[in-house]
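Presented below is the structure to which this report refers.
Values below: all heavy atoms of this structure, side chains included; hydrogens, waters and symmetry mates excluded. The structure presented is a predicted model; accordingly, all values stated were derived computationally and were not measured.
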Amino acid sequence: MTTKEIIIAIVIHLLVPLTGLVYFLRLRKKMNNENIVNAPIIEFLIIFVTYGGLLLVTLTTLFWYWSAEASIGSGYLILVAPIVMGIIAYLNRQKRINSKYHNWVYLSGLLYFVIAPLIFLILYLVNESPHIK
């Protein structure tokens with residue numbers, strides 16, 4: 001393994017997930033400090049995991065080697081995440097007026113149905129491009 005490959009692996013598999021975890025914990029602390037009633041902590045955790053998984057699959061496709069983990073992640077993003085994100089959006093449609101955080105949860109759930117297909121389409125087009133291979 002070259003130094004470049006080691007750096008890419010560390011960024012994709014360590015730094016990106018840790019950054020997501022840090023931002024989630026900061027957001028949770030901010031919601032607690034603002035005394036948000038029924039703060040959507042579990043919803044945000046699922047959203048962070050889902051969008052983080054989408055980012056990891058994207059980075060893996062573009063810069064790393066495809067693996068069984070990437071296949072499992074893609075399976076979740078294609079088969080399970082739309083259901084989960086749809087449920088999150090549906091359950092928070094009435095709560096979105098409670099706080100900006102509830103609104104973010106609602107919008108994040110809805111926007112998954114736009115963002116994920118676009119990302120998968122772009123990754124497909126990039127991988128099928130004869131200039132890449």
Exercise. Is a side-chain donor or acceptor of Glu5 paired with a backbone partner of Thr2 at a separation under 3.5 angstrom?
Worked result: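 Judged by distance alone, yes, a pair lies under 3.5 Å.
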Exercise. Got a sec: does the CG of Leu121 have more than 12 other heavy atoms crowding it under 6.0 Å?
Worked result: yes
Exercise. So with a 6.0 Å cut-off around CZ of Phe113, is the heavy-atom count from everything else above 12?
Worked result: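 Yes, enclosed.
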Distance in Å, [X] [atom1] paired with [Y] [atom2], rounded so as to fall on 0.5 Å steps:
{"X": "Leu107", "Y": "Asn92", "atom1": "CG", "atom2": "CG", "answer": "10.5 Å"}
{"X": "Thr61", "Y": "Ile119", "atom1": "OG1", "atom2": "CD1", "answer": "10.5 Å"}
{"X": "Arg26", "Y": "Lys30", "atom1": "CZ", "atom2": "NZ", "answer": "8.5 Å"}
{"X": "Ser108", "Y": "Glu43", "atom1": "OG", "atom2": "CD", "answer": "11.0 Å"}
{"X": "Ile115", "Y": "Met85", "atom1": "CD1", "atom2": "CE", "answer": "8.5 Å"}
{"X": "Tyr76", "Y": "Ile83", "atom1": "OH", "atom2": "CD1", "answer": "10.5 Å"}

Problem set entry | All pairs passing ring-ring contact (aromatic ring centres under 6.0 Å, His included) where residues 79-107 contributes a residue, at least two apart | Tyr101-Trp104
Consider only side-chain heavy atoms of I, L, V, M, F, W and Y, link residues closer than 4.5 Å, and tell whether [X] and [Y] are in one cluster.
{"X": "Phe63", "Y": "Leu18", "result": "yes"}
{"X": "Leu118", "Y": "Leu123", "result": "no"}
{"X": "Val105", "Y": "Ile42", "result": "yes"}
{"X": "Leu111", "Y": "Ile87", "result": "no"}
{"X": "Leu79", "Y": "Leu54", "result": "yes"}

Check [X] against [Y] and note the closest heavy-atom contact, atom names and distance.
{"X": "Val57", "Y": "Ser74", "result": "CG1-OG, 3.6 Å"}
{"X": "Ala9", "Y": "Trp64", "result": "CB-CH2, 3.6 Å"}
{"X": "Leu77", "Y": "Tyr112", "result": "O-OH, 2.6 Å"}

Can you name the residues that form a side-chain contact (heavy atoms from CB on, under 4.5 Å) with [X], not counting sequence neighbours?
{"X": "Leu15", "result": "Ile10, Val11"}
{"X": "Ser67", "result": "Glu69, Ala70"}
{"X": "Leu55", "result": "Val16, Leu59"}
{"X": "Lys29", "result": "Asn33"}

Exercise. Side chains of Asn98 and Asn38: does their closest heavy-atom pair fall under 4.5 Å?
Worked result: no
Exercise. Mind checking whether Met31 and Pro40 have side chains closer than 4.5 Å, heavy atoms only?
Worked result: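 Side chain of Met31 against side chain of Pro40, heavy atoms only: contact under 4.5 Å found.
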Exercise. If we ignore angles and hydrogens, is there a donor and acceptor under 3.5 Å between the side chains of Tyr65 and Thr60?
Worked result: no
For this session: Return the set of residues passing side chain to side chain donor-acceptor pair (under 3.5 Å) with Ser71 (not counting sequence neighbours), or none when no residue passes.
Result: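 Side chain to side chain donor-acceptor pair (under 3.5 Å) list for Ser71, sorted by chain: Trp66.
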Exercise. Given Phe48 and Leu27, is the side chain to side chain contact (heavy atoms under 4.5 Å, CB included) satisfied, shown in steps?
Worked result: CA-CA 11 Å; Phe48 269 76; Leu27 180 63; 3.9 Å; yes
For this session: Go through Asn127 and Leu62 one step at a time and tell me if the side chain to side chain contact (heavy atoms under 4.5 Å, CB included) criterion holds.
Result: CA-CA 8 Å; Asn127 276 341; Leu62 296 176; 5.7 Å; no
Problem set entry | side chain to side chain contact (heavy atoms under 4.5 Å, CB included) between Val49 and Phe24, intermediate numbers included | CA-CA 10 Å; Val49 167; Phe24 168 73; over 6 Å; no
